[in-house]
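Everything on this sheet refers to the single structure shown next.
Nothing here was measured: the structure is a model prediction, and the numbers come from that model.
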Amino acid sequence: MTAQQDTPPRKGGLFRTKTVEQSILDTEEPEHALKKSLSALDLTVFGVGVIIGTGIFVLTGKVAKETAGPATSLAFVAAGIVCALAALCYAEFASTVPVAGSAYTFSYASLGELVAWIIGWDLVLEFALGTAVVAVGWSGYVRSLMDNVGWHMPDVLSGPDVAPGFGFDVLAFALVVVLTVILVLGMKLSARVTTVVVAIKLAVVMIVIIAGLFFIKAANYSPFIPPAQPQPAGSGLSAPLIQLMFGYAPTNFGIMGIFTAASIVFFAFIGFDVVATAAEETKLPQRDMPRGILASLFICTVLYVAVSLVVTGMEHYTELSVSAPLADAFKAVGHPVYAGFISFGAAVGLTTVCMILLLGQTRVFFAMSRDGLLPRFFSKTHPKFGTPYRPTILLGVIIAIVAGFTSINELATLVNIGTLFAFVVVALGVVVLRRTRPDLHRAFRTPWVPVLPILSVAASVWLMLNLPAETWLRFGIWMAIGVIIYFTYGRSHSRINLDSRRP
């Protein structure tokens with residue numbers, strides 16, 4: 001008797017699960033199978049490519065000046081630890097259930113269909129909005145570089161942030177279209193493009209770090225942890241809760257300011273979980289998924305800490321620029337030429353961030369379609385390239401239009417709450433699957449279960465509480481729309497539901 005026969009999916013109810021064995025069997029259907037071509041190095045490059053973005057060039061100055069001072073480096077360490085807790089949980093799932101869909105697939109195997117749908121719907125928003133936001137940011141950097149050499153993009157083609165009234169960001173639109181074509185043509189091509197771009201991006205970051213070391217002044221590190229200051233009203237949901245539960249108010253600066261800063265710089269780490277969406281396209285997922293996830297997170301944490309130490313050492317935290325801290329820090333020490341390097345590195349870096357976020361979204365959408373929760377039309381793979389070309393083209397066109405016409409500001413925080421929510425679900429899923437399926441072979445095992453997953457849940461919820469109340473409201477509205485779609489379409493078309501009706 002097979003393991004699948006021993007543990008059949010729960011046929012009824014909102015929390016019916018799909019067995020790990022069935023999830024893996026679905027990947028072997030010829031018309032719905034993704035081509036396996038990725039190695040541990042490819043996965044690490046994908047992780048570094050999506051994590052290293054504007055955060056390393058922008059967030060450092062904002063957080064240092066407003067929240068943590070030179071101790072921003074400790075905030076990056078704290079945020080990295082939160083991500084590491086989640087990464088260990090992702091690594092176990094990705095090596096045990098090497099199927100496209102990341103947190104969606106993991107949830108389906110452990111917590112049930114409704115939870116899987118909710119997290120899948122959450123990831124669709126997270127990756128789509130993230131792709132559009134990054135594309136618009138990339139367009140801004142490219143226009144800045146063009147202006148430096150005397151090429152000026154007409155306002156009407158620069159997007160609504162520049163053109164009064166009507167504006168279409170043709171650069172952001174074109175970027176998403178080109179990346180969509182690359183993703184349709186195959187994962188190996190995507191990996192090669194990403195490898196080249198990440199190499200350029202890391203070279204620029206390393207040049208900035210090494211050059212900045214020669215301009216550090218020890219006096220700028222004093223005080224390393226500035227005195228605590230009260231937080232402004234309405235900065236997050238955590239303030240009234242902390243006041244009520246522990247009897248004191250959270251602060252900017254001071255020891256508590258480091259944790260406040262961690263909730264902000266966490267945004268710079270968003271993306272490592274995208275690596276898990278490529279599990280089904282990895283040649284040796286049981287071995288390479290944990291390596292790719294953990295290696296990319298470690299490399300990026302080291303780079304973030306190094307950059308924050310350099311920038312706060314070059315210029316006193318009270319004088320740092322919020323919009324372009326690294327570039328302005330080099331201008332302050334008389335070396336403006338490095339500002340061009342930084343703008344170039346940011347523009348190059350955002351290219352890979354945009355592509356890998358789009359990749360992640362299409363894989364989640366593909367997995368949901370293959371399970372019947374979205375129309376099965378979108379789960380057919382390309383006969384030659386082995387890629388989910390239908391959802392890639394659909395979502396690529398939609399996101400390109402959104403990036404071209406939309407100015408996205410506060411909505412970007414939805415990306416962050418969506419990621420943290422996924423962290424919570426994956427950590428809980430590890431605990432549940434350990435209890436319900438102890439017989440499964442786990443090539444990588446999360447250590448100290450259930451303690452470590454519980455710590456991951458607590459840390460993620462804490463950072464979620466630091467997000468503005470408006471973000472929670474928007475997130476709730478999106479989730480409500482998703483629940484309506486599930487009950488009107490997804491539940492009745494689910495393959496588990498249809499299989500249960502067959503004699």
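In this structure, Phe385 places its CZ atom where more than 12 heavy-atom neighbours from other residues, nucleotides or ligands lie under 6.0 Å away. Taking a 6.0 Å sphere around NZ of Lys36, one finds it holds more than 12 heavy atoms contributed by other residues, nucleotides or ligands. Other residues, nucleotides and ligands place more than 12 heavy atoms under 6.0 Å from the CZ atom of Phe444.
Side chain to side chain, Asp371 and Tyr104 meet the donor-acceptor criterion of an N or O pair below 3.5 Å. Counting only N and O atoms by type, the side chains of Thr387 and Lys35 include no donor and acceptor under 3.5 Å apart. Looking at Ser39 and Asp42, their side chains do bring a donor and an acceptor atom within 3.5 Å of each other. Using modelled atom types, one finds no donor on one side chain facing an acceptor on the other under 3.5 Å when comparing Glu280 with Thr27.
In terms of modelled atom types and a separation under 3.5 Å, the side chain of Arg390 and the main chain of Phe377 share a donor-acceptor contact. Checking side-chain atoms of Trp121 against main-chain N and O of Ala480 turns up no donor-acceptor pair under 3.5 Å. A donor-acceptor distance shorter than 3.5 angstrom exists from the side chain of Gln361 to the backbone of Val124, with no hydrogens or angles considered. Formation of a donor-acceptor pair under 3.5 Å by the Ser369 side chain with backbone atoms of Ser379 is found in this model. In terms of modelled atom types and a separation under 3.5 Å, the side chain of Ser296 and the main chain of Ile293 share a donor-acceptor contact. A distance-only check finds no donor-acceptor pair linking the side chain of Trp117 to the backbone of Leu373 [under 3.5 Å]. Side chain of Trp472 to main chain of Met464: a donor-acceptor pair is present (N/O by atom type, distance under 3.5 Å, no hydrogens or angles). Judged by distance alone, the side chain of Thr362 and the main-chain N or O of Thr392 form no donor-acceptor pair under 3.5 Å. Judged purely by atom type and a 3.5 angstrom limit, Arg376 uses its side chain to pair as donor or acceptor with the backbone of Arg370. Side chain of Thr105 to main chain of Ala100: a donor-acceptor pair is present (N/O by atom type, distance under 3.5 Å, no hydrogens or angles).
Of the charged side-chain nitrogens involved, at least one lies within less than 4.0 Å of a carboxylate oxygen, so that Arg143 and Asp169 count as a salt-bridged pair.
For the salt bridge (Lys or Arg N to Asp or Glu O under 4.0 Å) with Glu92, the qualifying choice from Arg434, Arg445, Arg437 is Arg434, the only one to do so.
Closest approach of Ser107 and Ala116 over heavy atoms only: CB-CA, 3.8 Å. Between Gly47 and Val275, the shortest heavy-atom distance links the atoms CA-CG2, 3.6 Å. Nearest heavy-atom pair across Phe93 and Val430 is CE1-N, 3.3 Å. Counting all heavy atoms, side chain and backbone alike, Ile356 lies closest to Gly49 at CD1-C, 4.0 Å.
Residues Phe405 and Phe173 keep their aromatic ring centres 6.0 Å or farther apart. Proximity of the aromatic rings of Phe421 and Phe475 is defined here by a centroid distance below 6.0 angstrom, and this criterion is met.
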Next item on the list: Output, in order, the C-alpha distance, side-chain angles, deciding distance and verdict of side chain to side chain donor-acceptor pair (under 3.5 Å) for Glu113 and Ser494.
Entry: CA-CA 9 Å; Glu113 186 173 276; Ser494 165; 2.6 Å; yes
